[in-house]
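In what follows, chains are A, B, ... by sequence order, proteins preceding strands, each numbered from 1.
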Number of protein chains: 2
Amino acid sequence: MDQSHLGTSDRLLFAAIDLISERGYNGVTTQQIAEAAGVSEKTLFRHFGAKQKLLEAAFDRFHYGPEMKKLFGERLVWELEADLLTVCRTYHETMNRNRKVVQISQKDEVILPGYKERTHQHPLQLLEFLTNYFVEMGERGKMIRTDPKLAAFTFMMSHFGAFINDLEAGNHYPGIRLEPFMQESVRLFARALTP
Amino acid sequence: MDQSHLGTSDRLLFAAIDLISERGYNGVTTQQIAEAAGVSEKTLFRHFGAKQKLLEAAFDRFHYGPEMKKLFGERLVWELEADLLTVCRTYHETMNRNRKVVQISQKDEVILPGYKERTHQHPLQLLEFLTNYFVEMGERGKMIRTDPKLAAFTFMMSHFGAFINDLEAGNHYPGIRLEPFMQESVRLFARALTP
DNA sequence: TGATATTGTCAGTAAGTACTGACACCCTGA
DNA sequence: TCAGGGTGTCAGTACTTACTGACAATATCA
């Protein structure tokens, strides 16, 4: 985790995200953030003016925008099992990139009003996408007739749950790893939804 | 939410759980907790001695022990769909009773070391139970051969995800309600696992 | 009524914390 | 060599907050 090559601002942003995601906004002092960044507290305030501004800047810096819309529009092969795997891989990739940001918006919703919505944009998009995909697959006769939105939601939730579970403490459920879980869940849902 | 009939200690414990689950341990002052309980701050300290002790007492008070082991051991009918519904209902009931406690142990793991494990005892138990159930069902020829643990985990995770999603802000995913979700998810998993 | 326990009030302490100002230092580039 | 931008140091301010002590008020109950 050597960040000495980064500029002062970036080091502060990194440190802020790291510490706040662990201990919460009110659980970390500006001094601790500055120290973690290898910088004096004064410098922190010279750059960001206020603790809150620092968090907001950090949030903006590390929150990946909704850039995946068409990202896997081409990758689809209209085979249920393969496509579900693509979707859930994309989901876990996105969530893991935003890992700490998600954690912060969970812990400190109160301090960052309005920011939680941004964090939940990705999952919402994916849900919408998956729903449309199910509709289309139904029309092609490659999927059973069900409520496509609820089916998509159930699939998403199982991966959201696994993600959060992993976020929180790693190993509550011993002997369970992400990759086998993804494959098994995809297999199950594919079997459930194939005519 | 009239709690005037309760004793002083209990009112304080209620107020603590309420406020801390919303704003986090460091986001609430002892004065605010006392005020919410309709009691002077001094009384708070007379009863609990320290803020941390108050939280610990509150946690103990509102954390339901693992009392369900055999609770639905008799309710099972060895029909996949019906039993899955029983399991996930039990799950959501337990989680919802512990709602605020779960939220606190998510936000303030740092302040309550060791307590998170306790919160995750119920899900762990249910997972173990469900795994054994799947094994038994497999032996009876009423279920396909799969990794029973991963299948159980996938089912649990979809409900854990739904629970957390509901916890956090209520309605990220508009138009989705718990009851229809439970039924649809049970239907899906039953279809996936029936021979 | 009187004894005891519980609570409120109020003033106060000690520590922590976000944030500032003044000044000296160092590095870079002209 | 000089100027300027970014930084560290240090002292300090204003505010919050967990927690305490002393005393008065009230409720409970024998």
Side-chain angles (χ1 to χ4, degrees), chain A residues 1-61 104 107-113 115, chain B residues 1-61 104 107-113 115:
Chain A
M1 285 284 190
D2 180 31
Q3 297 160 354
S4 51
H5 60 289
L6 294 173
T8 308
S9 285
D10 275 358
R11 288 214 307 278
L12 281 164
L13 295 172
F14 267 108
I17 286 279
D18 275 356
L19 293 181
I20 296 177
S21 68
E22 275 176 29
R23 305 183 212 159
Y25 182 79
N26 290 313
V28 190
T29 71
T30 50
Q31 211 174 22
Q32 292 169 330
I33 296 175
E35 192 186 336
V39 149
S40 82
E41 196 186 2
K42 182 78 205 183
T43 300
L44 184 157
F45 283 101
R46 272 197 274 248
H47 277 256
F48 298 100
K51 188 186 181 186
Q52 171 101 18
K53 296 283 177 194
L54 169 61
L55 176 55
E56 287 168 8
F59 210 93
D60 291 340
R61 174 83 167 75
I104 290 178
K107 291 188 182 174
D108 291 306
E109 355 163 13
V110 183
I111 283 142
L112 286 172
Y115 275 58
Chain B
M1 285 284 190
D2 180 32
Q3 296 159 355
S4 51
H5 59 288
L6 294 173
T8 307
S9 284
D10 274 358
R11 289 215 305 280
L12 281 165
L13 295 173
F14 267 107
I17 286 280
D18 275 355
L19 294 181
I20 295 177
S21 68
E22 276 177 28
R23 305 183 213 160
Y25 181 80
N26 290 313
V28 189
T29 70
T30 51
Q31 211 174 20
Q32 292 169 328
I33 296 175
E35 192 187 336
V39 146
S40 80
E41 196 186 1
K42 182 80 206 184
T43 301
L44 185 158
F45 282 102
R46 272 198 273 249
H47 276 256
F48 299 99
K51 190 187 181 186
Q52 171 100 19
K53 296 283 177 195
L54 169 61
L55 176 56
E56 287 168 9
F59 210 92
D60 290 340
R61 174 81 167 73
I104 291 178
K107 292 187 182 176
D108 291 306
E109 355 161 12
V110 182
I111 284 141
L112 286 171
Y115 275 57

A.B. asks: Report all interatomic pairs (protein N or O, nucleotide N or O of nucleotides 18-21 of chain D) with separations under 3.5 Å.
C.D. replies:
unit_1, atom_1, unit_2, atom_2, d
D/dA18, OP1, B/K51, NZ, 3.1
D/dA18, OP2, B/T30, N, 3.0
D/dA18, OP2, B/T30, OG1, 2.9
D/dC19, OP2, B/K51, N, 2.7
D/dG21, N7, B/K42, NZ, 2.7

A.B. asks: With distance as the sole test, does A/K107 use its side chain to make a donor-acceptor pair with the main-chain N or O of A/E22 at under 3.5 Å?
C.D. replies: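 Side chain of A/K107 to backbone of A/E22, a donor-acceptor pair under 3.5 Å: yes, one is there.
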A.B. asks: How long is the line joining CZ of B/R11 and P of C/dT7, in whole Å?
C.D. replies: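 Computing the B/R11:CZ to C/dT7:P distance gives 9 Å.
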A.B. asks: Whole Å only: how far is the CG atom of A/D10 from the P atom of D/dG6?
C.D. replies: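 Computing the A/D10:CG to D/dG6:P distance gives 15 Å.
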A.B. asks: Could you list the residues that satisfy side chain to side chain donor-acceptor pair (under 3.5 Å) with B/Q52, not counting sequence neighbours?
C.D. replies: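 Side chain to side chain donor-acceptor pair (under 3.5 Å) list for B/Q52, sorted by chain: B/E56.
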A.B. asks: List the atom of B/L19, the atom of B/V28, and the distance in Å for their closest heavy-atom pair.
C.D. replies: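 Result for this residue pair: O-CG2, 3.6 Å.
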A.B. asks: Within the structure, does a side-chain N or O atom of B/H47 lie under 4.0 Å from either OP1 or OP2 of C/dT7?
C.D. replies: yes
A.B. asks: Can you sort out the partners of A/E35 under side chain to side chain donor-acceptor pair (under 3.5 Å), two or more places apart, ordered by chain and number?
C.D. replies: none
A.B. asks: Should A/T8 be listed as having a side-chain N or O under 4.0 Å from OP1 or OP2 of D/dG6?
C.D. replies: no
A.B. asks: Output, in order, the C-alpha distance, side-chain angles, deciding distance and verdict of side-chain contact (heavy atoms from CB on, under 4.5 Å) for B/F48 and B/L13.
C.D. replies: CA-CA 10 Å; B/F48 299 99; B/L13 295 173; 3.7 Å; yes
A.B. asks: With a 4.5 Å cut-off on side-chain heavy atoms, are A/L55 and A/I104 touching?
C.D. replies: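 Yes, close enough: below the 4.5 Å cut-off.
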A.B. asks: List the residues meeting salt bridge (charged side-chain N to carboxylate O under 4.0 Å, His left out) with B/R61, not counting sequence neighbours, and say none if there are none.
C.D. replies: B/D10
A.B. asks: Shortest non-hydrogen contact from B/L112 to B/F59?
C.D. replies: CD1-CD1, 3.6 Å
A.B. asks: Give me the bend of the helix from C/dT1-D/dA30 to C/dA30-D/dT1, using the axes of the five pairs at each end, rounded to 10°.
C.D. replies: 20°
A.B. asks: When you compare the protein's N or O atoms with those of nucleotides 23-26 of chain C, which come within less than 3.5 Å of each other, and at what distance?
C.D. replies:
none

